[in-house]
*Asks:* 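One structure follows; several queries about it will come next.
Atoms considered below: every heavy atom in the structure, side chains included; atoms not considered: hydrogens, waters and symmetry mates.
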Amino acid sequence: ACKAEARAAERTNRPNRARKRKRNDAAQDPFAKIASIMAKKREFSFWEQTGIGGISGICEVLCTQPTVAVKNALQEARPIKFTPKFMYTGVVINAASIAPITAVQFGANRALAPFFADKNGVLSPG
């Protein structure tokens with residue numbers, strides 16, 4: 001009878017152990033770690049912000065270039081080919097023209113933000 005009671009107690013404890021493991025796995029979740037890192041606010045310097053702006057401009061061009069290529073082909077009544085060579089024709093020129101613009105926008109935002117912030121350093125939306 002004692003062995004049966006011990007086994008029954010073990011069975012009832014097993015789900016609790018599983019729940020504890022799940023909680024520990026949740027603490028080990030890589031997305032939770034990323035979220036906690038992102039929750040910490042970090043101020044970027046003017047040059048870092050300018051570099052981020054340039055990189056984001058290049059990413060924007062890489063994402064939108066296929067639609068621009070199709071639009072241009074339609075406007076010029078050329079056949080549309082769904083190949084990387086066709087879709088990304090002119091991407092270097094577009095990236096070279098957009099990257100400095102977004103870099104200046106991001107850098108200017110970083111440089112001018114303190115002048116528009118309140119006494120606590122918070123920017124208001126209006």
*Asks:* Please report the interatomic distance CD1(I55) to OG1(T50), rounded to the nearest 0.5 Å.
*Replies:*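 Atom-to-atom, I55:CD1 and T50:OG1 are 11.0 Å apart.
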*Asks:* Out of the candidates V91, V92, I93, V68, only one should pair with V61 under the side chain to side chain contact (heavy atoms under 4.5 Å, CB included) rule; please name it.
*Replies:*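 In the set V91, V92, I93, V68, the residue that makes a side chain to side chain contact (heavy atoms under 4.5 Å, CB included) with V61 is V91.
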*Asks:* Of all heavy-atom pairs between A99 and I58, which one has the smallest distance, and what is that distance?
*Replies:*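 Taking A99 first and I58 second, the nearest heavy atoms are CB-CG1, 3.8 Å.
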*Asks:* Return the SG to CD1 distance between C59 and I98, rounded to the nearest 0.5 Å.
*Replies:*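 It is 13.0 Å, given to the nearest 0.5 Å.
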*Asks:* Specify the closest pair of heavy atoms between G57 and T102, including all atoms of both residues, with the distance to one decimal.
*Replies:*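 Scanning both residues, the minimum pair turns out to be CA-OG1, 3.4 Å.
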*Asks:* If every non-hydrogen atom of L62 is compared with every non-hydrogen atom of P66, which pair is closest and at what distance?
*Replies:*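 Smallest interatomic distance, heavy atoms only, reads O-CD, 3.8 Å.
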*Asks:* List the residues meeting side-chain contact (heavy atoms from CB on, under 4.5 Å) with K71, not counting sequence neighbours, and say none if there are none.
*Replies:*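 For K71 the side-chain contact (heavy atoms from CB on, under 4.5 Å) partners, ignoring immediate neighbours, are Q75.
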*Asks:* Minimum heavy-atom separation for A73 and P79, please, with both atom names.
*Replies:*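 Closest heavy-atom pair between A73 and P79: CB-O, 4.4 Å.
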*Asks:* Determine the minimum heavy-atom distance between Q65 and N94, stating which atoms define it.
*Replies:*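 Nearest heavy atoms, Q65 then N94: OE1-ND2, 2.7 Å.
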*Asks:* Quick one: name the residues clustered hydrophobically with W47, using the 4.5 Å side-chain heavy-atom rule over I, L, V, M, F, W, Y, and just say none if it's on its own.
*Replies:*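 Besides W47, the cluster holds F46.
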*Asks:* I'd like a table of donor-acceptor pairs (distance under 3.5 Å, sequence neighbours excluded) in which one partner is a side-chain atom from residues 104-119, with atom names and distances.
*Replies:*
unit_1, atom_1, unit_2, atom_2, d
R110, NE, F44, O, 2.4
R110, NH2, F44, O, 3.3
D118, OD1, N120, N, 3.0
D118, OD1, G121, N, 3.1
D118, OD1, V122, N, 2.8

